[in-house]
Trainee: 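Here it is: the structure, laid out below.
Values reported hereafter were calculated over all heavy atoms of this structure, with side chains retained and with hydrogens, waters and symmetry mates removed.
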Amino acid sequence: MSAESGSLAARTAIRAAIRAVPAGRVSSYGAIAARAGLRGRARLAGRVLREGATPALPWHRVLHSDGRLAAPPGTALAREQMRRLAAEGVPVRKGRVAREYFIDGGDLDALLWRG
DNA sequence: CCCTGGGCAATTA
DNA sequence: GTAATTGCCCAGG
């Protein structure tokens, strides 16, 4: 059975994974997708955030594996993301967040942050 | 140590 | 076939 049989199920799992990220911590698309059981579908996670961004969905806690913001600097979106992260105690320097703030420790191999 | 550029692999709508 | 809020590699300064 292909896990993609239900894109809806995949999106639901991704949303749950994002909501599982506590304030003051961030995660990457890859980690979110893996956490949702969709290892290797980081892109799907990004699309879910972009298409299904809801107030209850902490999209601002999802960044690139490098720690950079998902949106390019200069955009209202990036500004909002940096602003929210800083409000939670996550300093953003040059549109980038320190790896120590990543819930996965900065390694997709060591993710399993499902604690 | 930090940053920039370009390219490639895989998946979904 | 195209585009997308990806991830990782290499090289240079």
Trainee: Between A:Q81 (side chain only) and A:L63 (backbone N and O only), is there a donor and an acceptor less than 3.5 Å apart?
Mentor: no
Trainee: Side chain of A:Y29 only, heavy atoms from C-beta on: which candidate in B:dT12, C:dT6, B:dC2 is closest?
Mentor: C:dT6
Trainee: Whole Å only: how far is the CG atom of A:L38 from the C1' atom of C:dG7?
Mentor: 16 Å
Trainee: Report the distance from atom CZ of A:R79 to atom C1' of C:dT5, rounded to the nearest whole Å.
Mentor: 17 Å
Trainee: Take atom CZ of A:R96 and atom C1' of B:dC1, then tell me their distance rounded to the nearest Å.
Mentor: 12 Å
Trainee: Compare the minimum distances between each of B:dT11, B:dC3, C:dG7 and the side chain of A:A42, then state the nucleotide with the smallest one.
Mentor: C:dG7
Trainee: If you check the A:L77 side chain, which of B:dC3, C:dT5, B:dT11 turns out closest?
Mentor: C:dT5
Trainee: Taking A:R25 first and then A:E88, would you say they form a salt bridge - that is, a charged N and a carboxylate O separated by under 4.0 Å?
Mentor: no
Trainee: With respect to the phosphate group of B:dT12, does any side-chain polar atom (N or O) of A:R41 fall under 4.0 Å of OP1 or OP2?
Mentor: yes
Trainee: Between C:dG7 and A:H64, is there an OP1 or OP2 to side-chain N/O distance shorter than 4.0 Å?
Mentor: yes
Trainee: Between C:dG13 and B:dC1, how far is it from one C1' atom to the other, in whole Å?
Mentor: 13 Å
Trainee: Under a 3.5 Å cut-off for both contacts, is C:dC8 paired Watson-Crick or G-U wobble with anything, and if yes, with which nucleotide?
Mentor: B:dG7
Trainee: Looking only at side-chain atoms of A:R47, point me to the closest of B:dT12, B:dC3, C:dG7.
Mentor: B:dT12
Trainee: Is there a donor-acceptor pair closer than 3.5 Å between any side-chain N or O of A:R96 and the backbone N or O of A:D66?
Mentor: yes
Trainee: Starting at atom CZ of A:R50, determine the distance to atom C1' of B:dT12, rounded to an integer number of angstrom.
Mentor: 13 Å
Trainee: Could you tell me how far apart A:R39 (CZ) and C:dC8 (P) are, to the nearest whole angstrom?
Mentor: 11 Å
Trainee: A:L69 near the nucleic acid: base, sugar-phosphate alone, or nothing, with a heavy-atom cut-off under 4.0 Å?
Mentor: nothing
Trainee: Is A:S65 near enough to C:dC8 that one of its side-chain N or O atoms lies under 4.0 angstrom from OP1 or OP2?
Mentor: yes
Trainee: Mind checking if A:R68 touches a base, just sugar-phosphate, or nothing, with heavy atoms under 4.0 Å?
Mentor: nothing
Trainee: Taking the side chain of A:R93 as its heavy atoms from C-beta onward, which of B:dC2, C:dT5, B:dT11 lies nearest to it?
Mentor: B:dC2
Trainee: Of all the nucleotides listed (B:dT12, C:dT5, B:dC3), which has the minimum atom distance to the side chain of A:L44?
Mentor: B:dT12
Trainee: Please give, in whole Å, the distance from C:dT5 C1' to A:M82 CE?
Mentor: 16 Å
